Amino acid sequence: MAKNLKNPKIQVVSGMHDILPEDQKYYKRIYDVVSTMADFYGFGKIDTPVVEDLELFAKGVGASTDIISKEMYTLKTKGGDTLGLRPEWTTPIVRSFVEHGMHNRPQPLKLWYFGPCYRYERPQADRYRQFWQFGFEVFGEQSPVIDAQIIQIFYNILKELKLKDLIVEINSIGDSNCRPYYKKLLSNYLKSRESSLCADCKRRFKESVLRVLDCKEEKCQPIKTEAPQILDHLCDECHVHFKEVLEFLDEIEVPYTLNPHLVRGLDYYTKTVFELFTEAEGGSKMALAGGGRYDKLVKLMRGKDTPACGAAAGVERIISLMKAQEVGGFKEPEIQVFLAQLGGMAKRKSLSLLEEFRKSKIRVAESFGRDSLKAQLNRADKLGADLTMIIGQQEALDGVVIIRDMKTGKQDIVKIDKAVATVKKQLK
Ligand code: HAM
């Protein structure tokens with residue numbers, strides 16, 4: 001309350017944003033491309049509530065990850081439940097998979113989604129506290145072909161959106177067979193260098209040693225470069241799986257770069273992890289999408305042991321890149337007819353005439369707020385209407401309408417109840 005009195009400005013919550021009409025076309029374009037791709041590859045759409053039991057996210061994403069320990073939006077309900085706003089979709093989808101016994105449906109089960117997520121991050125360019133993700137998840141298939149196909153789907157979507165300079169980075173972080181040994185190796189290596197690590201890495205070293213590899217701090221880079229690499233320590237199964245993922249990617253000609261330091265910020269991954277980047281302003285990289293395999297998560301959520309693989313992309317980041325790369329070619333629906341009116345009675349007639357056109361699926365624009373005929377004809381011109389209908393006081397009294405061909409300037413007068421049929425004919 002006191003804060004509001006000091007700062008009477010009414011504004012959107014920090015880190016969040018409105019999506020104004022002029023930006024809706026980007027969301028629609030992305031949604032269209034994603035849903036078409038989902039249909040083609042046989043994914044069914046799923047929606048889950050934006051809130052879940054807080055515990056669910058801690059269990060799924062990992063209590064010591066930044067997403068859970070620093071960035072969760074939590075709320076207490078009047079009934080005393082502690083809930084969390086969804087910071088990502090994979091955990092709720094796994095909850096839903098288990099709850100609805102989806103392992104009994106034909107496998108692999110493929111799901112996709114599109115909607116907002118919440119993370120209490122420090123607001124900065126391309127990092128929001130409410131952002132939209134779309135994603136694809138495949139359950140019940142352990143073949144590496146799925147890993148490659150998920151990467152291909154995201155690569156294709158970004159290509160279809162006409163984005164340039166895409167980089168796919170890929171790594172394997174092993175599984176419960178080989179990762180514990182590698183973690184021990186890495187810890188031993190880092191122990192003698194702990195004093196040279198940045199403050200964040202000192203913490204990561206204790207809580208989640210693999211995350212040290214993800215550090216962007218200058219002083220940690222030489223330590224990372226010299227560190228043992230997990231790819232050299234994968235067990236046979238993980239090694240073969242990873243090799244096959246890369247072979248599939250070669251086969252479908254998706255270019256990729258091996259990044260032995262890619263570990264991802266969520267705890268549920270096993271084997272393949274990947275991210276799709278683009279070069280952002282100033283040469284830094286911006287992650288557009290990320291994902292990987294999570295073969296143990298369904299079981300962790302008390303489901304039947306079910307392998308799974310998926311990824312998600314950030315919609316705002318894609319839009320910011322579409323704008324920066326000036327991706328155009330949005331098709332606005334074409335206006336076929338403009339309805340101009342003059343005077344109160346004409347307005348009333350126009351309202352019901354407009355309904356007739358809507359029922360006949362003819363796209364009509366109007367400008368009921370304007371009373372000057374010149375201004376209305378100018379607008380008709382701007383919108384590129386083929387025909388303009390004019391109803392003035394006299395026409396309203398006579399029950400007629402003037403139909404003007406905007407190209408030739410030719411005008412006809414027709415009975416108002418014949419207007420739709422005449423326009424239909426002329427449009428042909
Ligand atoms: P993630 O890497 O945390 O993965 O998020 C995926 C994408 O969401 C990022 O690459 C980025 O484009 C976008 N994103 C994340 N945080 C923000 C933010 N604060 N502002 C704007 N965009 C953001 C996941 O969420 C996993 N659930 C992906 C997954 C699905 N793994 C398996 N299946």
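Order of listing sets the numbers, starting from 1, for every ligand and every atom in it. Fair warning: this is a prediction, and the values are worked out from it, not measured in the lab.
A ring-centre distance under 6.0 Å is found for Tyr128 and His17.
With sequence neighbours excluded, the residues that form a side-chain contact (heavy atoms from CB on, under 4.5 Å) with Pro144 are His241, Glu244, Val245, Phe248. Legend: residues meeting ring-ring contact (aromatic ring centres under 6.0 Å, His included) with Tyr26, ordered by chain and number and at least two apart, are Phe330.
Within the structure, the side-chain hydrogen bond (donor to acceptor under 3.5 Å, both in side chains) test picks out the following pairs touching residues 129-138 (sequence neighbours left out): Thr90-Glu137, Tyr113-Glu137, Tyr118-Gln130, Glu137-Tyr294.
The side chain to side chain contact (heavy atoms under 4.5 Å, CB included) test with Ile319 is passed by exactly one of Arg317, Lys323, Glu316: Lys323.
A donor atom on one side chain and an acceptor atom on the other are found under 3.5 Å apart for Asp126 and Ser320.
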Contacts table for ligand 1: protein N or O within a distance under 3.5 Å of ligand N or O, distances only.
residue: ligand 1; atom: 2 (O); partner: Arg264; partner atom: NH1; Å: 2.8
residue: ligand 1; atom: 2 (O); partner: Arg264; partner atom: NH2; Å: 3.0
residue: ligand 1; atom: 3 (O); partner: Arg119; partner atom: NH1; Å: 3.0
residue: ligand 1; atom: 3 (O); partner: Arg119; partner atom: NH2; Å: 2.9
residue: ligand 1; atom: 4 (O); partner: Arg264; partner atom: NH2; Å: 2.9
residue: ligand 1; atom: 5 (O); partner: Gln133; partner atom: NE2; Å: 3.2
residue: ligand 1; atom: 8 (O); partner: Gln133; partner atom: NE2; Å: 3.2
residue: ligand 1; atom: 10 (O); partner: Ala289; partner atom: N; Å: 3.4
residue: ligand 1; atom: 12 (O); partner: Ala287; partner atom: O; Å: 3.0
residue: ligand 1; atom: 12 (O); partner: Leu288; partner atom: O; Å: 3.0
residue: ligand 1; atom: 12 (O); partner: Gly314; partner atom: N; Å: 3.2
residue: ligand 1; atom: 16 (N); partner: Arg119; partner atom: NH1; Å: 3.4
residue: ligand 1; atom: 19 (N); partner: Glu121; partner atom: OE2; Å: 2.7
residue: ligand 1; atom: 19 (N); partner: Tyr128; partner atom: N; Å: 3.4
residue: ligand 1; atom: 19 (N); partner: Tyr128; partner atom: O; Å: 2.8
residue: ligand 1; atom: 20 (N); partner: Tyr128; partner atom: N; Å: 2.9
residue: ligand 1; atom: 22 (N); partner: Arg317; partner atom: NE; Å: 3.4
residue: ligand 1; atom: 25 (O); partner: Arg119; partner atom: NH2; Å: 3.1
residue: ligand 1; atom: 25 (O); partner: Gln133; partner atom: NE2; Å: 3.0
residue: ligand 1; atom: 27 (N); partner: Glu88; partner atom: OE1; Å: 2.5
residue: ligand 1; atom: 27 (N); partner: Thr90; partner atom: OG1; Å: 2.9
residue: ligand 1; atom: 27 (N); partner: Tyr268; partner atom: OH; Å: 2.9
residue: ligand 1; atom: 31 (N); partner: Tyr269; partner atom: OH; Å: 2.6
residue: ligand 1; atom: 33 (N); partner: Thr90; partner atom: OG1; Å: 3.2
residue: ligand 1; atom: 33 (N); partner: Glu137; partner atom: OE1; Å: 2.9
residue: ligand 1; atom: 33 (N); partner: Glu137; partner atom: OE2; Å: 3.0
residue: ligand 1; atom: 33 (N); partner: Gly310; partner atom: O; Å: 3.4
residue: ligand 1; atom: 33 (N); partner: Ala311; partner atom: N; Å: 3.2

